[in-house]
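By convention here, the first residue in the shown sequence is residue 1.
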Amino acid sequence: MVPIGNTGRAMPETNFTALDWVIVGAYLLGTVVVGLWVNRYIKGMGDFLVAGRSLRTRLGIATMIGSELGLVTAMFAAQKGFATGFAAFHIGLMAGIATLVVGITGFIVVPLRRMGVMTIPEFYQKRFGSRRLRIFGGFVLAAAGILNMGLFLRAGGEFVAGITGIEWEAVKWVMSAMILLVLVYTALGGMVSVVITDYVQFVVLSLGLLLACVLAVVKVGWSNLVTGVEKIHGDGGFDPFAADGVGGSYVGWMFFLGIISCAVWQTAVMRACAAESVAVVRRMYIWSSLGFMIRFMIPQFIGICALVYFFQGGNETFFDATGTVSGDSSVTMRAMPVFLGQLLPMGLIGLVAAGMVAAFMSPHDTYLLCWASVLTEDVVNPSRGGRMSQQARLLLTRVLLFVIAGFLVIWGLWYELGQDLWDYMAVSGSIYFTGAFAILLLGLYWKGATAAGAFTALSIGLLAVVGLKPVQELLHIADFLKDNEIKGEHIGLSLAAFSLVAMVLVSLVTSNGPQDSQTQQNGE
């Protein structure tokens, strides 16, 4: 028996052996070779950040899905499947529909690609002519983004501990070593390295997840899945509007997050900015919509299989005495890897683990590069009047990669989750995107938007931090929100609407007339 995270609760042994460690290790070393190989193609920030704007349709689709289909996605999606059953599928459905809509209409991403920006804060300055807005927006974006990925390491650690059975103290060293490998190939090759490794990781991970699904169905049985979910969750296990902790507002929140994740979130926008043309951007999003849906549904399905498997086996770790799913998010997050550790045989478990390790590395390289480049291009360089040379900006970005990674190691080890991982990510991300959505929407499609209105929208979005459980406890409002059934989705949707309204009102008050928007677009 092995402890689950830092809770001290026991977990069953797994089938992971020395052979499986060799398979995983060989894959990790291969990624470093890629970083060394592509370093010779990096000539400047354009190559480093957006791969010279040469990304074509097929590779763009694979790298977009690969970066979004990370281990953290697999972990929080599986956790949702375990906690709510088949009702969790609505998250993937909303994400797929939202991405398809963006691809067909070109909503936000096509105008951004036409403007030739590398980051969203760069758009702020081009559109509103305010360097201060770019700096403020870049800081908010980077801070929220780094906080958003703060628990990626925790999710990866929970997976490694669950599937291998090693002690949590050893897991810390394993995850630190993996972060170091990600840093090496990302710092060397930038977006070129990220695109190539994401493509390989996409292939490996897809095969691993599909194979795990087939074996899970064979092990548990399809009819047992349906009857098991019905017995555990009742109607709420199939209907998201009837499920505990879900409901209509949550479904609407998921659709909004689907739009955000593909059209507003910087890591996805970077792919659009790196595309060869506007036509490629549209095709990338249309075809990626299927991947954005499946990236949730496959891990959720594995989580559902784990739910029924442990319920039938009478496992007391994941359920209380009445058969109710544990309310401890640290426990339910470990269900999927422990299930895979018991399900897969020697050798095969190493291949699947390699795919999952690929899933851990894939979002880390993209996100680390994204937030380091935003701090360089949108905070530090503008603060110095844009006088930094190409080499100085490259060096600073590479240094920031290591600084951010160091923070993530510390944050990921001591932060107490207190809520499902997906809900934590949605809330932490909303600190940025509730305001940014208003700025992009109105800035791109309404000539009357002003810099003052944009500042107001970003400032209001900062209030989304109250959706985090530790912040609620610090402000002594956790009981009030719980008693009044005010959840994270209510806070996020309300602030998004409030940011839109406030930006319109402030823009109307501060507009200088018909020439104002034209003057703003010329920049400072």
Side-chain angles (χ1 to χ4, degrees), residues 67-77 79-80 91 95 119-121 137-158 179 182 186 253-254 256-271 292 295-296 329 333 359-375 378-379 400-401 403-437 458 461-471 488-489 491-492 495-496:
S67 66
E68 297 301 325
L69 183 57
L71 177 56
V72 66
T73 303
M75 290 292 284
F76 70 61
Q79 184 181 41
K80 277 296 184 183
I91 298 175
T119 65
I120 289 176
F139 179 79
V140 172
L141 169 58
I146 294 169
L147 187 64
N148 180 257
M149 68 178 298
L151 295 188
F152 283 17
L153 197 65
R154 167 72 67 83
E158 295 287 359
I179 279 287
V182 173
T186 304
W253 177 232
M254 291 303 102
F256 181 63
L257 288 180
I259 296 290
I260 294 298
S261 65
C262 68
V264 177
W265 199 239
Q266 177 65 35
T267 52
V269 172
M270 283 180 72
R271 296 315 199 276
F292 270 65
R295 75 178 179 124
F296 285 107
S329 58
M333 188 162 58
F360 168 81
M361 299 172 75
S362 186
H364 271 85
D365 54 24
T366 301
Y367 279 58
L368 284 170
L369 176 62
C370 176
W371 308 135
S373 63
V374 166
L375 287 173
D378 301 309
V379 178
L400 287 171
L401 286 172
V403 173
I404 294 170
F407 167 79
L408 296 178
V409 170
I410 298 172
W411 180 265
L413 295 179
W414 68 262
Y415 182 86
E416 293 296 331
L417 190 55
Q419 60 199 124
D420 283 354
L421 181 59
W422 170 238
D423 294 328
Y424 165 85
M425 293 183 63
V427 170
S428 57
S430 66
I431 297 170
Y432 150 73
F433 67 68
T434 46
F437 177 73
L458 278 176
L462 293 176
L463 297 175
V465 72
V466 301
L468 295 175
K469 295 294 184 181
V471 175
E489 59 266 29
I491 296 173
L495 287 175

Separation between OG1 (Thr73) and CE (Met425), nearest 0.5 Å, reads 6.0 Å
Short question: side chain of Asn148, backbone of Ser428 - any donor-acceptor pair under 3.5 Å?
no
Shortest non-hydrogen contact from Tyr424 toward Leu147:
OH-O, 2.6 Å
Measure across Val374 and Gly138 and return the closest heavy-atom pair with its distance rounded to 0.1 Å.
CG1-O, 3.4 Å
Output the distance between atom OH (Tyr432) and atom CG (Leu141), rounded to the nearest 0.5 Å.
5.0 Å
Partner residues of Phe139 under the ring pair (Phe, Tyr, Trp, His ring centres under 6.0 Å) criterion, sequence neighbours left out
none
Heavy-atom distance under 4.5 Å between the side chains of Val269 and Ile120, does that happen here?
yes
Point-to-point distance, once rounded to the nearest 0.5 Å, from CG of Leu463 to CG of Leu495
6.0 Å
Measure the shortest side-chain to side-chain distance between Ser261 and Phe433 over non-hydrogen atoms and say whether it is less than 4.5 angstrom.
no
CE-CG distance between Met149 and Leu408, expressed to the nearest 0.5 angstrom:
4.5 Å
Between atom OG of Ser430 and atom CD1 of Ile491, what is the distance when rounded to the nearest 0.5 Å?
8.5 Å
Hey, are the side chains of Leu462 and Thr434 touching, using non-hydrogen atoms and a 4.5 Å cut-off?
no
Within the structure provided, determine whether Phe256 and Val264 are in side-chain contact (heavy-atom separation under 4.5 Å).
no
How close do Ala426 and Trp253 get, heavy atom to heavy atom, and via which atoms?
CB-NE1, 4.0 Å
Of all heavy-atom pairs between Met333 and Glu158, which one has the smallest distance, and what is that distance?
CE-CG, 3.5 Å
Specify the closest pair of heavy atoms between Pro121 and Asp378, including all atoms of both residues, with the distance to one decimal.
CB-CG, 3.4 Å
Distance in Å, Leu375 CG paired with Leu400 CG, rounded so as to fall on 0.5 Å steps:
5.5 Å
If you look at every heavy atom in Val471 and Val466, which pair is closest and at what distance?
CG1-CA, 4.0 Å
